[in-house]
Each structure stands twice: as C-alpha cells, then as structure tokens.
Amino acid sequence: MAINLQALDMFRTATDWTGKGIANLDGDDAIKQNGTYGGPLGALRRSKIEQAANNEVRTELLRALGTAFGLSGMSEENGKVKFSKDFMDRLESLIGADFKRDDFKIDHEGNVTSGRPLTARRIKAILTRAETAATEMSGTSPTEKTEKTGKAAKLTKLGGVRKEKTYGPYAEKLATIKHEIAKLDKGDDSHVFSFFNRVGKTLGFLYDELDVDRVNDEAPDPSALRNDQEYEWKKELGELNEGEKPSFEYFDDKQGKYVKFESSYSYQNGLLWNKVGGGLLHLERSSFRTNESDDIAPLRKYIVDNLRLFVMKSIDVYFAAKEAGKLDLFFEHLREPGACLEDQCLHLVEFEAKHLSDGLQGLSSSEVDELERIAKQDPAKLATPDVDRQIGDIYDEIGNEQWFLDKEEFDDDIAKILIERLQGKTCAITKYNTSTHKFEPLLEKGKPVVRPLTAEDIRTFGALIFKETFM
C-alpha cells in the first residue's frame with residue numbers, strides 16, 4: 001500500500017496553535033484558526049453556518065487521511081465527499097482512540113453531520129498517530145532493532161520521546177556486559193545470565209515504553225501507563241459528567257492497544273511481572289489508589305524510580321566490581337539478590353557500600369541522591385496498605401466478571417478469592433465510620449494497628465465492603 005503523508009500537509013499549520021484553537025477551511029488547500037473551543041455549552045450558541053463549516057473541515061481531514069493511506073470507501077456526489085463504514089473502520093484501526101470517530105457522526109449516507117469543532121489538539125493527536133501508523137506499515141516496525149554503534153537501539157511503539165541521555169549509555173554498557181558474561185559457564189553461572197536478562201527486559205520497558213514524554217504539550221501521553229486520554233481531554237474542556245470518575249489505562253502488547261487499568265494488583269500480576277522479567281514491586285507503597293486518585297502519575301513515578309535504580313545500580317556495580325577485581329563476589333551476591341525489586345535495589349546499594357568505592361559514576365549528584373533515597377527507604381517505615389483498600393482493589397479487578405456480578409451477597413466463593421490473595425499479608429487494620437461512610441485507622445494507644453491478616457479479618461472486611469459497595 002502506497003503511503004503519502006504529504007496529503008496531510010494542509011493540517012500541519014495547526015501544530016502552531018493552542019490546543020483549543022478551532023480549525024476551518026481557508027480555501028481549497030489550507031486551514032485557518034477560527035476562534036477557540038468554549039466547552040460543551042458552546043453547542044448552544046453554535047449557528048448552522050458554524051456547524052456547516054465544522055463539518056467541511058472534518059470532511060477534508062477524512063479525505064486527507066484516506067488519500068494518505070490509500071483507503072477505499074470514499075466517494076463524491078454533488079460536490080460532497082462521502083465515507084463508507086468500512087472506510088471509517090479502517091481509519092479507526094489505524095489511528096486508534098485519538099481518532100475519536102464518534103465526533104464525526106457519519107450518517108447512513110456517509111456524510112459528516114456532527115457540527116462539532118475540530119480542535120488543534122485533535123488534529124495534532126491524529127497526525128502523530130498517522131505518522132506512527134505510516135512508519136509501522138512502511139516496514140520500519142516500532143519494535144524493529146537497528147544495529148548502531150554496537151548496541152541494539154529499539155524504536156518506541158508508542159510514539160514517545162526516548163530519554164536517550166538517561167538510558168542510552170546504559171543500553172551500551174549492558175551490551176558490553178552481555179558480551180563479557182557470554183564466556184561464563186552456562187551451568188554454574190546461570191543465575192548471572194538470568195539476572196542480566198531481567199535487567200535488559202527492565203531497561204527496554206523503561207526506555208521504550210514507560211518513561212517517555214509527550215512530543216509536545218498538546219500531544220497524547222505516549223507512556224504505556226497513563227491517565228485515560230479521553231477523560232483527561234474532557235476534564236480539560238470541562239465536559240465531564242456529574243459524578244464521572246477518573247480512569248486510567250495501560251498498553252497491552254497482546255491486544256496492541258490501550259486497555260483499562262483495573263487495579264494495581266492486576267497490573268502487577270498481569271503485565272508488570274513479565275515486563276521486568278519476573279519481579280515483584282510493592283505497588284501498594286506508592287501514594288496511588290485506584291478508587292481515590294485523580295492521576296496515575298504517582299504510581300508511574302514509583303515504578304520508574306525503582307526500575308531505574310535497579311537497572312542503573314546493577315550495571316554500575318558490575319563495572320565497579322570488575323575494576324576492583326571482585327566480580328566473583330558480585331556474582332555470588334546475585335545468587336540471592338533479594339525477594340522483591342525494592343529489596344534487590346537495597347541489597348545492591350549495601351553491596352556497593354561494603355565492597356566498592358565508586359558507583360553511579362554516570363549520573364549527576366542530584367540523580368545519585370534521589371536514587372539512594374529510594375533504595376534506602378526502610379520498608380517498615382513505608383505506608384502499610386490498608387486492609388479495606390486491598391480488598392477494594394480485588395473487587396475492582398473481579399467486579400466485571402459474570403460470576404461476581406451474579407452474586408447478591410457475600411459468600412464463600414468471594415471469601416476464597418480474598419483469602420487466597422490476602423491471608424498472612426501485613427496490613428493496617430481499619431474501622432468503618434457509619435456516619436461518614438469511610439474507613440478510618442484503628443488505633444491502639446494512639447498508634448495504628450498493623451498485623452498480618454487472618455481469614456476472619458478478610459471475611460469480616462470482605463462482607464462489609466461488599467455490602468456497602470454492591471448492595
């Protein structure tokens with residue numbers, strides 16, 4: 001299929017506008033800004049002339065996209081361009097959620113009828129995704145690896161800005177490590193290969209998917225873990241419905257698209273574990289709560305901070321140990337590096353302090369201080385997860401499963417799921433305030449009660465939260 005992105009050139013002037021700038025046609029081959037979007041109430045004041053102008057520019061955008069990708073399904077009748085359902089389906093599959101198909105409102109004859117303004121933000125988002133789609137279709141796959149200066153450099157599949165200065169040098173160092181350890185015994189030193197394979201997977205996840213920035217302020221967030229972009233845009237424009245809650249999403253490789261973020265538990269076990277080559281992060285230690293937080297940024301920052309420390313410390317300690325002639329000691333350390341990733345980071349810092357003098361030479365002093373702060377957090381002093389939040393997260397995860405939807409009361413089936421996941425887990429015990437309908441810390445002698453959960457605890461809280469939430 002021939003791709004001609006020049007067909008979209010007339011819309012590129014919108015990249016210089018503010019996000020709320022409204023596009024109208026300016027002749028046959030240009031657009032102009034005609035005011036700014038005033039939110040949903042603007043529809044009450046929108047004249048038929050303005051609606052027609054909005055439909056014209058939306059029609060031209062569809063025509064340009066169809067031409068760019070050589071799509072069939074466009075026809076012209078009495079000077080009007082019409083679009084088939086197959087045409088719209090194909091465009092939606094190419095552009096994704098940023099297309100906002102419903103905003104075009106194609107009628108049964110194939111005409112654009114919505115009358116809604118086409119904003120600069122929407123144009124920028126569509127152009128960004130169109131360029132990414134064109135790259136994918138042209139054979140330069142976003143996951144294709146290109147040999148460059150001796151390292152494998154992978155292009156991001158999400159269209160983000162790669163943090164080359166932060167991660168690029170570590171990608172090169174890791175390539176050197178893998179070349180050097182290839183000489184080791186595959187049997188006795190299998191734990192070393194396994195460890196640095198995990199480091200590589202983690203670095204790739206950070207580098208290409210998670211810790212990436214917007215191309216510009218108006219572009220969609222390209223991170224693999226983000227706020228739902230539709231919700232974010234509606235919030236900015238004041239279009240949220242009363243009581244509408246924030247929602248979050250993550251990029252699912254298997255489906256090739258963003259899917260709804262249900263809970264930290266399901267994200268950790270369903271995706272993050274595999275992305276880092278098998279490693280547990282205690283996401284409950286972040287300040288993010290699925291049902292309470294307005295932004296997923298605190299969770300993403302917690303993940304990025306810990307994964308960065310894990311990658312950088314692992315690589316820097318290897319070279320420091322090599323220079324000091326202590327690689328054998330370091331390899332022995334890697335036989336039992338720690339249970340969770342937070343512990344592994346802490347143990348790397350402790351190993352460095354005990355056996356080596358120079359570490360983190362590639363980072364600035366401020367970066368060193370921040371990474372050391374993360375690693376040296378005392379797990380006992382970190383916020384212990386509340387029992388009600390733990391159960392609430394599991395309910396979020398299973399809440400749309402049919403067997404759960406069929407339940408009219410808390411029973412043994414639900415209790416079994418909760419007990420399997422939570423029995424023995426240390427949590428802060430809470431109590432339910434019937435006046436405020438909120439959970440509050442349970443105190444003894446002025447201090448929060450923190451202890452491992454029993455099956456009885458889980459049943460009590462599980463039944464209470466089920467009743468308050470679903471009945």
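Just so you know, these numbers use all the heavy atoms, side chains as well, and skip hydrogens, waters and symmetry mates.
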- Task: Answer yes or no: is there an ion pair linking R12 with E131, defined by an N-O contact shorter than 4.0 Å?
- Result: yes
- Query: CG/L25 to CG/N34 distance, rounded to the nearest 0.5 angstrom?
  - Reply: 11.0 Å
- Message: Determine whether a donor-acceptor pair (N or O, by modelled atom type, separation under 3.5 Å) exists between the side chain of R122 and the backbone of P117.
- Response: no
- Got a sec: does the NZ of K425 have more than 12 other heavy atoms crowding it under 6.0 Å? yes
- Query: Where is the tightest heavy-atom contact between N306 and C345, given as atom of each residue plus distance?
  - Reply: O-SG, 3.6 Å
- Message: Any heavy-atom pair between the side chains of V276 and L341 that's under 4.5 Å?
- Response: yes
- Check for a donor-acceptor pair, side chain of R58 on one end and backbone N or O of R116 on the other, with a separation under 3.5 Å. yes
- Query: Would you call K82 and E76 a salt bridge, using N to O less than 4.0 angstrom?
  - Reply: no
- Item | Flag if over 12 foreign heavy atoms under 6.0 Å of CD, E440 | yes
- Is there side-chain contact between K105 and V112, with heavy atoms separated by less than 4.5 Å? no
- Message: Given 3.5 Å as the limit, does a donor-acceptor pair link the side chain of S84 with the main chain of F87, or not?
- Response: yes
- Message: What verdict does the side-chain contact (heavy atoms from CB on, under 4.5 Å) test give for W403 and I398, after you've listed the backbone C-alpha separation in whole Å, the side-chain angles of each residue and the deciding distance to 0.1 Å?
- Response: CA-CA 9 Å; W403 71 269; I398 65 177; 4.1 Å; yes
- Query: Does Y432 have its ring centroid less than 6.0 Å away from the ring centroid of F461?
  - Reply: no
- Quick one: closest heavy-atom pair of F11 and A64, and the distance? CE1-CB, 4.0 Å
- If you count the non-hydrogen atoms of other residues, nucleotides and ligands that lie under 6.0 Å from NZ in K178, is the total more than 12? yes
- Message: Y265 vs Q390, test: side-chain contact (heavy atoms from CB on, under 4.5 Å). Steps then yes/no.
- Response: CA-CA 9 Å; Y265 180 88; Q390 294 294 288; over 6 Å; no
- Message: For a side-chain hydrogen bond (donor to acceptor under 3.5 Å, both in side chains) check, start with the C-alpha distance between Y167 and D208, then their side-chain angles and the critical distance, and finish with the verdict.
- Response: CA-CA 10 Å; Y167 297 120; D208 294 306; over 6 Å; no
- Near-ring test Y250/Y267, centroid separation under 6.0 angstrom: yes
- Does the side chain of V349 come within less than 4.5 Å of K313's, by heavy atoms? yes
- Message: If only side-chain N and O atoms count, and only distance matters, is there a donor-acceptor pair under 3.5 Å linking D103 with S114?
- Response: no
- Would F248 and Y258 count as a close aromatic pair, with their ring centres under 6.0 Å? no
- Message: More than 12 heavy atoms of other residues, nucleotides or ligands under 6.0 Å from NZ of K407: yes or no?
- Response: yes
- Any donor-acceptor pair under 3.5 Å linking the side chain of N111 with the backbone of T113? no
- Query: Does some side-chain heavy atom of M74 sit less than 4.5 Å from a side-chain heavy atom of T67?
  - Reply: yes
- Task: List the steps, then state whether salt bridge (Lys or Arg N to Asp or Glu O under 4.0 Å) holds for R389 with E292.
- Result: CA-CA 10 Å; R389 284 176 171 168; E292 301 173 18; 2.9 Å; yes
- Item | Y170 six-ring centre to K173 NZ/CZ under 6.0 Å and within 45° of normal | yes
- Rounded to the nearest 0.5 angstrom, the CZ-CD1 distance for F99 and I126 is 6.5 Å
- Main-chain N/O of F193 paired to N197 side chain as donor or acceptor, under 3.5 Å: yes
- Note on the structure: Heavy atoms of P298 and S287 approach each other most closely as CB-OG, 3.4 Å
- Message: With a 3.5 Å distance limit and no angle check, can you tell me whether R289 reaches the backbone of S286 through a side-chain donor-acceptor pair?
- Response: yes
- Message: Under the criterion ring pair (Phe, Tyr, Trp, His ring centres under 6.0 Å), I'd like the reasoning laid out for F83 against F104: C-alpha separation, chi angles, the key distance, then a yes or no.
- Response: CA-CA 11 Å; F83 308 95; F104 291 88; 8.5 Å; no
- Evaluation steps, side-chain contact (heavy atoms from CB on, under 4.5 Å), between L174 and Y318: CA-CA 10 Å; L174 182 60; Y318 172 91; over 6 Å; no
- Quick one: does N227's side chain have a donor or acceptor within less than 3.5 Å of a partner on Q229's backbone? no
- Message: Return the CG to CG distance between D316 and L309, rounded to the nearest 0.5 Å.
- Response: 10.0 Å
- Query: Ignoring hydrogens and geometry, is there a side-chain-to-backbone donor-acceptor pair from N54 to G115 under 3.5 Å?
  - Reply: yes
- Query: Taking the side chain as C-beta and beyond, is there a heavy-atom pair between L307 and L203 under 4.5 Å?
  - Reply: no
- Separation of K301 NZ from D211 CG (nearest 0.5 Å): 10.5 Å
- Criterion side-chain hydrogen bond (donor to acceptor under 3.5 Å, both in side chains) on E249 and Y231, from CA distance to verdict: CA-CA 11 Å; E249 59 188 16; Y231 177 89; over 6 Å; no
- Is the backbone N or O of G462 less than 3.5 Å from a side-chain atom of Y395, with the two atoms forming a donor-acceptor pair by type? yes
- Item | Heavy-atom pair of closest approach, residues L5 and A130 | CD2-O, 4.3 Å
- Residues P246 and D294: closest non-hydrogen pair is CG-OD1, 3.8 Å
- Message: Within the 3.5 Å criterion, strictly below it, is a donor on Q344 or R198 matched to an acceptor on the partner's side chain?
- Response: yes
- Task: Check the pair F404 / F466 against ring pair (Phe, Tyr, Trp, His ring centres under 6.0 Å), numbers first and verdict last.
- Result: CA-CA 11 Å; F404 187 81; F466 185 93; 5.8 Å; yes
- Determine, for K80 against E77, whether the closest basic-nitrogen to carboxylate-oxygen distance falls under 4.0 angstrom. no
- Do I391 and V387 come within less than 4.5 Å of each other through their side chains, counting heavy atoms only? yes
- Task: Carefully, step by step, assess Q51 and N55 under the rule side-chain hydrogen bond (donor to acceptor under 3.5 Å, both in side chains).
- Result: CA-CA 6 Å; Q51 291 179 43; N55 288 338; over 6 Å; no
- Message: Rounded to the nearest 0.5 Å, what separates atom CG in L405 from atom CD in E408?
- Response: 12.0 Å
- Output for pair (T59 OG1, L118 CG), nearest 0.5 Å, gives 10.5 Å
- Query: Where the side chain of N4 meets the backbone of Q6, is there a donor-acceptor pair that is under 3.5 Å apart?
  - Reply: yes
- Task: Answer yes when R90 and D86 have at least one side-chain N-carboxylate O distance shorter than 4.0 Å, and no when they do not.
- Result: no
- Message: side-chain contact (heavy atoms from CB on, under 4.5 Å) for L422 and I394? Distances and angles first, verdict last.
- Response: CA-CA 10 Å; L422 296 178; I394 295 176; 3.9 Å; yes
- Taking side chain as C-beta onward, heavy atoms only, is E284 less than 4.5 Å from S264? no
- Message: Is there a side-chain contact between R308 and L206 in this structure, where contact means two heavy atoms from C-beta onward sitting under 4.5 Å apart?
- Response: yes
- Salt-bridge criterion met for K260 and D252 (N-O under 4.0 Å): no
- State whether E232 and R226 are salt-bridged, where the test is any N-O pair (Lys NZ or Arg NE/NH1/NH2 against Asp/Glu carboxylate O) under 4.0 Å. no
- Hey, is E209 close enough to K275 for a salt bridge, meaning N to O under 4.0 Å? yes
